[in-house]
Amino acid sequence: MPTYYPPAGFHFKVEFVGVDGADADTEQRFQEVSGLNFEIETEELKEGGENRFVYKLPKRAKYSNLILKRGLLKGSALLKWFKSAMNTYFTVVVYDFKPADIVVTLLDEAGEPAAIWNIVQAYPVSWKTSDFRATENSIVIETLEMAYQYFERKM
């Protein structure tokens, strides 16, 4: 029987579905993906006469924000999408912003999908760059944070 080795966490790709220009290779390269987690909210119920424990009843799933990090890009399609969202959130003028589905694919050593996460209806909530420091020799990192409805893991 062959030995199973869990896949490495450094070989992955991120695809934005429905964002114009985001299918370029440079737009899909990120150095870090986090926020693929959820928890079930619970409600406590205390039953009269039962003092040994409290019932915990499940309510709904709560998803963390998706956080993507990469080196700063010039002329990024995702930055245009973020700006479109910001203009839609805070102006009366109607823009053509639509939330996007995001597909995060963890790849095995042969470049084949080991696991796939489909993130549904993501929209931007934060964009920031790393600090500029003359005393360090580091690249500028942009951090994109998005809220979403839910995700499903395939495979």
Side-chain angles (χ1 to χ4, degrees), residues 1-19 22-23 27-72 76-79 81-92 94-95 97-131 133 136 138-155:
M1 175 170 24
T3 304
Y4 172 75
Y5 296 104
F10 61 81
H11 195 193
F12 61 90
K13 67 179 180 177
V14 179
E15 299 170 272
F16 284 76
V17 179
V19 176
D23 54 350
E27 294 285 350
Q28 297 178 0
R29 295 182 184 188
F30 289 88
Q31 71 179 40
E32 186 176 325
V33 175
S34 60
L36 288 173
N37 58 327
F38 71 93
E39 62 184 64
I40 303 296
E41 296 177 345
T42 59
E43 179 178 349
E44 291 188 354
L45 176 66
K46 298 176 183 174
E47 182 181 10
E50 178 59 73
N51 295 324
R52 295 176 297 156
F53 61 90
V54 175
Y55 291 100
K56 289 191 176 187
L57 306 174
K59 289 172 61 175
R60 65 180 53 96
K62 180 180 171 184
Y63 294 86
S64 300
N65 284 348
L66 182 68
I67 300 171
L68 305 172
K69 294 183 180 184
R70 68 178 180 185
L72 184 69
S76 170
L78 293 181
L79 184 56
W81 181 66
F82 267 56
K83 286 180 180 178
S84 174
M86 185 176 63
N87 289 334
T88 301
Y89 297 161
F90 302 113
T91 62
V92 179
V94 176
Y95 286 87
F97 174 77
K98 293 179 183 166
D101 290 349
I102 300 171
V103 179
V104 177
T105 306
L106 181 64
L107 303 169
D108 64 13
E109 64 277 357
E112 297 297 320
I116 300 172
W117 290 264
N118 291 325
I119 295 118
V120 177
Q121 292 189 344
Y123 56 93
V125 295
S126 173
W127 178 83
K128 58 188 167 189
T129 60
S130 59
D131 296 336
R133 294 189 178 105
E136 291 184 11
S138 60
I139 63 171
V140 177
I141 302 297
E142 66 180 347
T143 302
L144 295 73
E145 183 174 348
M146 287 161 279
Y148 56 93
Q149 302 306 316
Y150 64 95
F151 70 82
E152 295 176 327
R153 179 174 166 204
K154 309 284 183 180
M155 298 178 73

To the nearest 0.5 angstrom, please state how far the [atom1] atom of [X] sits from the [atom2] atom of [Y].
{"X": "I119", "Y": "L66", "atom1": "CD1", "atom2": "CG", "value": "5.0 Å"}
{"X": "L72", "Y": "T129", "atom1": "CG", "atom2": "OG1", "value": "7.0 Å"}
{"X": "M146", "Y": "F82", "atom1": "CE", "atom2": "CZ", "value": "4.5 Å"}
{"X": "T42", "Y": "R60", "atom1": "OG1", "atom2": "CZ", "value": "12.0 Å"}
{"X": "L144", "Y": "I67", "atom1": "CG", "atom2": "CD1", "value": "10.5 Å"}
{"X": "E142", "Y": "L68", "atom1": "CD", "atom2": "CG", "value": "10.0 Å"}

Quick one: does [X]'s side chain get under 4.5 Å of [Y]'s, heavy atoms only?
{"X": "F38", "Y": "S64", "value": "no"}
{"X": "K154", "Y": "W117", "value": "no"}
{"X": "V17", "Y": "I102", "value": "no"}

Kindly give the heavy-atom pair with the smallest separation between [X] and [Y], and that separation in Å.
{"X": "V54", "Y": "L45", "answer": "CG1-O, 3.4 Å"}
{"X": "H11", "Y": "D108", "answer": "ND1-O, 3.2 Å"}
{"X": "A22", "Y": "F16", "answer": "CB-CB, 3.8 Å"}
{"X": "V140", "Y": "S130", "answer": "CA-OG, 3.5 Å"}
{"X": "F97", "Y": "S84", "answer": "CB-OG, 3.6 Å"}
{"X": "P7", "Y": "L106", "answer": "CG-CD2, 3.7 Å"}

query: Going through the distances and angles, do Q149 and Y123 end up as a side-chain contact (heavy atoms from CB on, under 4.5 Å)?
result: CA-CA 9 Å; Q149 302 306 316; Y123 56 93; 4.1 Å; yes
task: Evaluate the side-chain contact (heavy atoms from CB on, under 4.5 Å) criterion for residues E43 and E41: first the C-alpha distance (whole Å), next the side-chain angles of each, then the deciding distance (0.1 Å), finally the verdict.
output: CA-CA 7 Å; E43 179 178 349; E41 296 177 345; over 6 Å; no
- request: For residues F12 and F10, establish whether the separation of their ring centroids is below 6.0 Å.
  value: no
query: When the aromatic ring centroids of Y63 and F151 are compared, is their separation below 6.0 Å?
result: yes
query: Residues two or more places apart in sequence or in another chain: which of them pass side-chain hydrogen bond (donor to acceptor under 3.5 Å, both in side chains) with R133?
result: D131
field: Contacts of E109 that satisfy side-chain hydrogen bond (donor to acceptor under 3.5 Å, both in side chains) - sequence neighbours left out
entry: none
field: Side-chain donor-acceptor pair present, N118, E152, cut-off under 3.5 Å
entry: no
Side chains of residues 27-35: which donor-acceptor pairs under 3.5 Å do they make with residues two or more places apart or in other chains?
residue: E27; atom: OE1; partner: R70; partner atom: NH1; Å: 3.3
residue: E27; atom: OE1; partner: R70; partner atom: NH2; Å: 3.4
residue: E27; atom: OE1; partner: S76; partner atom: OG; Å: 3.2
residue: E27; atom: OE2; partner: S76; partner atom: OG; Å: 3.3
residue: E27; atom: OE2; partner: A77; partner atom: N; Å: 2.7
residue: Q28; atom: NE2; partner: D23; partner atom: O; Å: 3.4
residue: R29; atom: NE; partner: D25; partner atom: OD2; Å: 3.1
residue: R29; atom: NH2; partner: D25; partner atom: OD2; Å: 2.3

- prompt: Is atom OH of Y5 surrounded by more than 12 heavy atoms (other residues, nucleotides or ligands) closer than 6.0 Å?
  reply: no
- request: Kindly determine whether Y150 and Y148 satisfy ring-ring contact (aromatic ring centres under 6.0 Å, His included), including the steps that lead there.
  value: CA-CA 6 Å; Y150 64 95; Y148 56 93; 8.5 Å; no
- prompt: Could K46 and E44 be called an ion pair, given the rule that one side-chain N must be under 4.0 Å from one carboxylate O?
  reply: no
